[in-house]
Amino acid sequence: YNTLETIRMKAFSQGNRDVANAIKLLGKSMRYVLSNTKTAATTLDKELDYIDTYLAIQKIRFGSRIDYSIRVSPKLEPEHYRILPLLIQPVVENALYHGIKYKRALMLPLDPSPDMVRLIIKVFDNGCGMSPELETKVNEMAPPARDSSHGVGLYNIHSRIHLFYGSEYGIHLKSRLNVGTLVTIIIPLENIREEE
């Protein structure tokens, strides 16, 4: 972190605010990942702040090609809800990667909201979408082939959710060709206040 800060200050002193900002965001992102590598839970607000940092870095990379928003339901106080750390980012990264691959301008809204007992997190991309056959195959969440790099991220997150929360929770995907893809993460609604 000290090395990153030295580089950031060098860029800042030379008037390169974009590079200085990118380094600041990278340091913030690295700090979150390292501090949550061995933890079992974080709060939803910290996870969403990490997602915002990740997307801000991607915005520097892609500029006007992407637009994103994080809309939290007014029924939800994110600082009071527990979530597995590093759960949302791979889904967002997947949406960004597959969405921007075929689309000049990508929109990524992220929408966490509660129902009575579940936290439902929706990640949408207006990329190319997928065929009904591919949508069905992805929703099976079968382990990817050993030599494949496709489907690993979603499968790993889905498996992690199953192992930690139970088989009634996980990831579900809806997609329409030439419209986009909606990935929904469903986990239990764990209110820290109620547990105290």
Side-chain angles (χ1 to χ4, degrees), residues 29-30 32-55 58 68-73 75-99 108-125 127 129-130 132-146 148-176 180-196:
S29 177
M30 288 173 60
Y32 182 81
V33 170
L34 289 173
S35 67
N36 282 289
T37 302
K38 295 184 179 181
T39 59
T42 189
T43 56
L44 180 59
D45 66 323
K46 289 178 184 173
E47 184 79 355
L48 292 176
D49 185 54
Y50 169 62
I51 298 303
D52 189 50
T53 300
Y54 169 78
L55 286 169
Q58 298 306 316
Y68 70 92
S69 62
I70 299 174
R71 300 179 297 225
V72 179
S73 166
K75 298 176 188 174
L76 194 64
E77 296 176 39
E79 67 276 10
H80 299 301
Y81 291 93
R82 188 176 294 135
I83 185 173
L84 281 172
L86 309 169
L87 189 70
I88 305 170
Q89 187 272 340
V91 175
V92 171
E93 182 177 356
N94 195 59
L96 179 70
Y97 173 77
H98 290 290
L108 273 170
L110 175 68
D111 182 18
S113 59
D115 66 11
M116 297 302 287
V117 293
R118 303 175 307 169
L119 177 62
I120 300 165
I121 303 164
K122 296 179 180 180
V123 179
F124 175 75
D125 72 77
M130 60 183 74
E133 297 80 25
L134 183 55
E135 176 186 342
T136 299
K137 184 178 179 193
V138 173
N139 271 318
E140 290 170 359
M141 294 292 168
R146 287 183 183 248
S148 174
S149 61
H150 296 293
V152 175
L154 289 181
Y155 171 76
N156 284 344
I157 294 299
H158 187 70
S159 297
R160 210 170 141 216
I161 291 170
H162 273 212
L163 287 170
F164 195 81
Y165 296 118
S167 60
E168 66 269 32
Y169 301 101
I171 291 178
H172 182 73
L173 185 135
K174 286 185 181 178
S175 189
R176 284 189 30 208
T181 302
L182 172 68
V183 177
T184 304
I185 303 168
I186 302 171
I187 60 173
L189 191 62
E190 291 188 12
N191 191 329
I192 296 168
R193 276 185 175 172
E194 292 172 2
E195 293 174 5
E196 292 173 351

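This one's a predicted model, so the numbers in the text were calculated from it and none came from an experiment.
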Minimum-distance pair of heavy atoms, taken over all atoms of His162 and Gly170: CD2-CA, 4.3 Å

N/O donor-acceptor pair under 3.5 Å between Glu47 side chain and Leu86 backbone: yes

Glu79 side chain to Thr43 backbone, donor-acceptor under 3.5 Å: no

Check: Thr181/Ser175 side-chain N/O donor and acceptor closer than 3.5 Å: yes

Thr39 and Asn36: side chain donor to acceptor below 3.5 Å: yes

If you measure from [atom1] on [X] to [atom2] on [Y], what distance do you get to the nearest 0.5 Å?
X: Leu173; Y: His158; atom1: CG; atom2: NE2; answer: 11.5 Å
X: Met141; Y: Asn156; atom1: CE; atom2: CG; answer: 10.5 Å
X: Ile171; Y: Thr184; atom1: CD1; atom2: OG1; answer: 9.5 Å
X: His80; Y: Glu190; atom1: NE2; atom2: CD; answer: 15.0 Å
X: His172; Y: Ile186; atom1: NE2; atom2: CD1; answer: 8.0 Å
X: Ser29; Y: Tyr54; atom1: OG; atom2: OH; answer: 9.0 Å

Less than 4.5 Å apart, any side-chain heavy atom of [X] and any of [Y]?
X: Lys46; Y: Tyr32; result: yes
X: Leu189; Y: Leu76; result: yes
X: Leu44; Y: Leu48; result: yes
X: Ser73; Y: Pro114; result: yes
X: Tyr68; Y: Asp52; result: yes
X: Ile70; Y: Ile51; result: yes
X: Lys75; Y: Ser113; result: no
X: Ile161; Y: Ile187; result: yes

Leu96/Gln58 under side chain to side chain contact (heavy atoms under 4.5 Å, CB included): CA gap, chis, key distance, verdict: CA-CA 9 Å; Leu96 179 70; Gln58 298 306 316; 3.3 Å; yes

Full working for side chain to side chain contact (heavy atoms under 4.5 Å, CB included) between Val183 and Asn94: CA-CA 10 Å; Val183 177; Asn94 195 59; 5.6 Å; no

Aromatic ring pairing Tyr169/Tyr165, orientation class (parallel under 30°, perpendicular over 60°, tilted between): perpendicular

Do any side-chain atoms of residues 117-125 form donor-acceptor pairs under 3.5 angstrom with protein atoms, and if so which ones, sequence neighbours left out?
residue	atom	partner	partner atom	Å
Arg118	NE	Asp115	OD2	2.7
Arg118	NH2	Asp115	OD2	2.7
Asp125	OD1	Gly127	N	2.9

